[in-house]
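Note sheet for the following structure.
Throughout, numbering of the chain's residues begins at 1 and tracks the sequence.
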Amino acid sequence: MRTIYHNIGSIQTMSDTSPLIEGKSIIVKDNLIEDIKDSVEEFESSDCSFVDVGGKAIIPGFIDAHNHLLWAGDRFNEHNLRLEGKTYSEIANMGGGIMETVRQTRNVTSKSLYLIGLQRLKESLKNGTTHVEAKSGYGLSTEHELRLLAIVDQLKQQQGVPSIHSTWMGAHAKTPEHTYQSYTEEILADQLPNVLESGLAESADVFCEPGWFSVEQSEDILRAARLGGLDLRMHIDEFSDGGGGELAAEMKVRTADHAHHTPMETRHRMKESGVMTGFLPGTPYSNGHDWPDFANVQRNEIPFSMATDFNPNCYINSIPFIGSLAVQRNSMTPFDALYCVTRQAAKSTPRADGLEHGRLERGDVANFNILKSKHWESWCMTPSASPIESVCLEGVHIEF
């Protein structure tokens with residue numbers, strides 16, 4: 001059965017040939033875009049359903065390419081510590097930060113974590129996200145990391161929520177009984193082999209940062225993960241230039257995120273190696289830090305995506321808000337920002353079934369957003385409210 005979306009104000013397809021088109025209808029069959037065409041008269045007497053868009057604009061579904069989906073509790077009290085001048089590292093050494101979330105996450109049931117994750121996925125869909133990269137990383141032991149990955153796998157089976165790319169991030173931090181070297185050895189000897197045997201992860205990620213996993217430890221973990229068949233992602237250079245960008249380029253990882261303090265020379269090496277930079281503007285916003293130098297990166301034609309970095313330290317589960325930060329505070333154009341959370345994010349976070357997403361062309365997955373406005377630029381102009389009126393998710397029209 002087909003669904004035909006008509007009376008569309010404009011379609012920002014994000015395609016290379018004709019990104020902005022008007023006066024067209026989108027024909028959806030099953031979960032694919034069958035066609036985008038002027039006239040749909042041939043379908044009017046057939047077994048089709050019609051969705052009158054009412055002159056509103058349509059854009060591709062957002063891809064949240066960096067999201068720490070599963071954890072319990074919160075750390076809102078740490079804001080006062082930051083106001084007192086405490087750094088991220090100092091808060092961690094006081095027992096806060098990632099370890100505080102690990103303690104809270106370990107103490108809730110798997111059912112509770114599943115419901116937490118489900119609610120967050122529903123919230124992200126209301127904000128227009130149709131595909132999410134979901135990291136583990138708040139278990140930090142073989143048992144607890146496998147539990148988080150198993151819950152993500154359960155969420156993958158849920159209908160009516162964004163599809164998921166599952167990332168194992170056991171190398172997020174260490175627990176108090178370990179040094180980073182001893183935990184790295186445990187990861188290599190036990191945790192990673194069990195993750196690989198489970199088949200629950202598509203990617204591996206490592207927090208490569210001074211004070212966390214060293215470049216050498218990160219390399220050992222990433223090489224072992226690649227040998228096991230996992231795609232590679234990295235957290236790099238969030239607080240300082242720690243050499244993570246050089247490792248990302250050397251290993252040709254798919255995406256290296258944060259990258260706030262990566263030198264431009266290294267950014268060029270990353271580009272030459274096919275590494276996507278993943279900027280997360282919600283993180284400096286939440287922590288009161290300076291923005292990445294987006295304009296300079298764009299001038300140097302460094303490819304980058306943007307994502308939420310949703311986590312207890314950056315409680316932002318809205319790609320439109322990330323777009324607002326880029327456009328309304330960092331002088332990026334709405335098109336460039338949209339490109340980052342669709343086409344670029346699709347390169348760093350592909351679908352498991354191989355279907356193209358992040359654009360609207362014949363044969364692509366039918367994931368797109370109907371906006372509340374006739375202007376497609378509105379997607380990033382309403383930071384306090386979702387700009388999304390309804391979503392076509394895997395070919396199914398969902399109204400809110």
Side-chain angles (χ1 to χ4, degrees), residues 1-63 124-131 160 162 318-324 326-328 332-343 356-400:
M1 184 173 178
R2 293 179 175 88
T3 303
I4 298 175
Y5 294 79
H6 66 107
N7 192 18
I8 302 169
S10 64
I11 306 171
Q12 185 54 264
T13 68
M14 304 309 294
S15 73
D16 294 327
T17 54
S18 53
L20 184 61
I21 56 178
E22 298 180 353
K24 303 280 188 178
S25 297
I26 301 177
I27 296 94
V28 172
K29 186 176 181 182
D30 299 324
N31 69 328
L32 300 178
I33 295 174
E34 185 178 36
D35 209 347
I36 300 175
K37 56 196 307 183
D38 296 315
S39 174
V40 292
E41 292 179 2
E42 63 189 281
F43 299 110
E44 289 178 358
S45 60
S46 60
D47 185 19
C48 297
S49 62
F50 288 81
V51 177
D52 186 340
V53 175
K56 307 295 176 56
I58 286 181
I59 61 173
F62 306 130
I63 300 163
S124 67
L125 182 66
K126 289 181 179 179
N127 287 314
T129 295
T130 53
H131 189 73
S318 167
I319 289 288
F321 183 73
I322 297 302
S324 170
V327 171
Q328 297 180 301
M332 201 179 297
T333 69
F335 181 88
D336 287 348
L338 185 58
Y339 196 80
C340 289
V341 298
T342 55
R343 291 295 300 278
E356 290 287 345
H357 63 158
R359 68 179 191 187
L360 303 178
E361 291 188 9
R362 186 182 302 156
D364 291 352
V365 69
N367 281 348
F368 52 83
N369 292 318
I370 300 170
L371 301 177
K372 295 175 181 176
S373 170
K374 67 178 181 180
H375 299 293
W376 68 267
E377 296 92 340
S378 67
W379 82 269
C380 56
M381 299 292 182
T382 61
S384 67
S386 174
I388 311 302
E389 183 170 278
S390 62
V391 173
C392 180
L393 179 69
E394 306 285 336
V396 177
H397 186 223
I398 300 175
E399 299 181 88
F400 303 120

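- The minimum heavy-atom distance linking S25 with H6 is given by the pair OG-CB, 3.5 Å.
- The ring of Y5 has its center no closer than 6.0 angstrom to the ring center of F50.
- Remark: side-chain polar atoms of N7 are not paired, donor with acceptor, to backbone N or O of D52 under 3.5 angstrom.
- C340 SG to F335 CZ: the interatomic distance, rounded to the nearest 0.5 Å, is 10.0 Å.
- Side-chain contact between I27 and I33 is absent, with no heavy atoms from C-beta onward closer than 4.5 Å.
- Here the CZ atom belonging to R362 is positioned 8.5 Å from the CD1 atom belonging to I36, to the nearest 0.5 angstrom.
- Scanning both residues, L125 and V391, for their nearest heavy atoms gives O-CG2, 3.8 Å.
- Two residues are said to be in side-chain contact when any heavy atoms from C-beta on lie closer than 4.5 Å; I63 and T129 fail this criterion.
- In this structure, F62 and W379 have tilted ring planes: the angle between them lies in the 30° to 60° band.
- The residues D35 and K29 are annotated as not salt-bridged, no charged nitrogen and carboxylate oxygen being separated by less than 4.0 angstrom.
- At a threshold of 4.5 Å between non-hydrogen side-chain atoms, the residues R359 and T342 do not count as touching.
- Between C392 and F368 the shortest side-chain heavy-atom distance falls below 4.5 Å.
- T130 and H357 are not linked by any side-chain donor-acceptor pair at a separation below 3.5 angstrom, with hydrogens and angles left out of the test.
- A 4.5 Å side-chain heavy-atom check between L338 and Q12 finds at least one atom pair inside the cut-off.
- The neighbour count for K126 NZ, taken as heavy atoms of other residues, nucleotides or ligands under 6.0 Å away, does not exceed 12.
- The side-chain heavy atoms of I26 and I4, taken from C-beta on, include no pair separated by under 4.5 Å.
- S124 and N127 are not linked by any side-chain donor-acceptor pair at a separation below 3.5 angstrom, with hydrogens and angles left out of the test.
- Taking OG from S10 and CG from L20, the interatomic distance works out to 5.5 Å, rounded to the nearest 0.5 Å.
- Checked for salt-bridge contact, E389 and K56 meet the test: a charged N lies under 4.0 Å from a carboxylate O.
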Report the C-alpha separation of R2 and V28 in whole Å, then their side-chain angles, then the decisive distance to 0.1 Å, and conclude whether the side chain to side chain contact (heavy atoms under 4.5 Å, CB included) test is met. CA-CA 5 Å; R2 293 179 175 88; V28 172; over 6 Å; no
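- C380 places none of its side-chain heavy atoms less than 4.5 Å from the side chain of Q328.
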Check the pair S49, M1 against side chain to side chain contact (heavy atoms under 4.5 Å, CB included), reporting the backbone distance first and the verdict last. CA-CA 8 Å; S49 62; M1 184 173 178; 3.9 Å; yes
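- Once rounded to the nearest 0.5 Å, the distance linking OG of S390 with CD1 of I58 reads 8.0 Å.
- Side-chain contact between I388 and F400 is present, with heavy atoms from C-beta onward closer than 4.5 Å.
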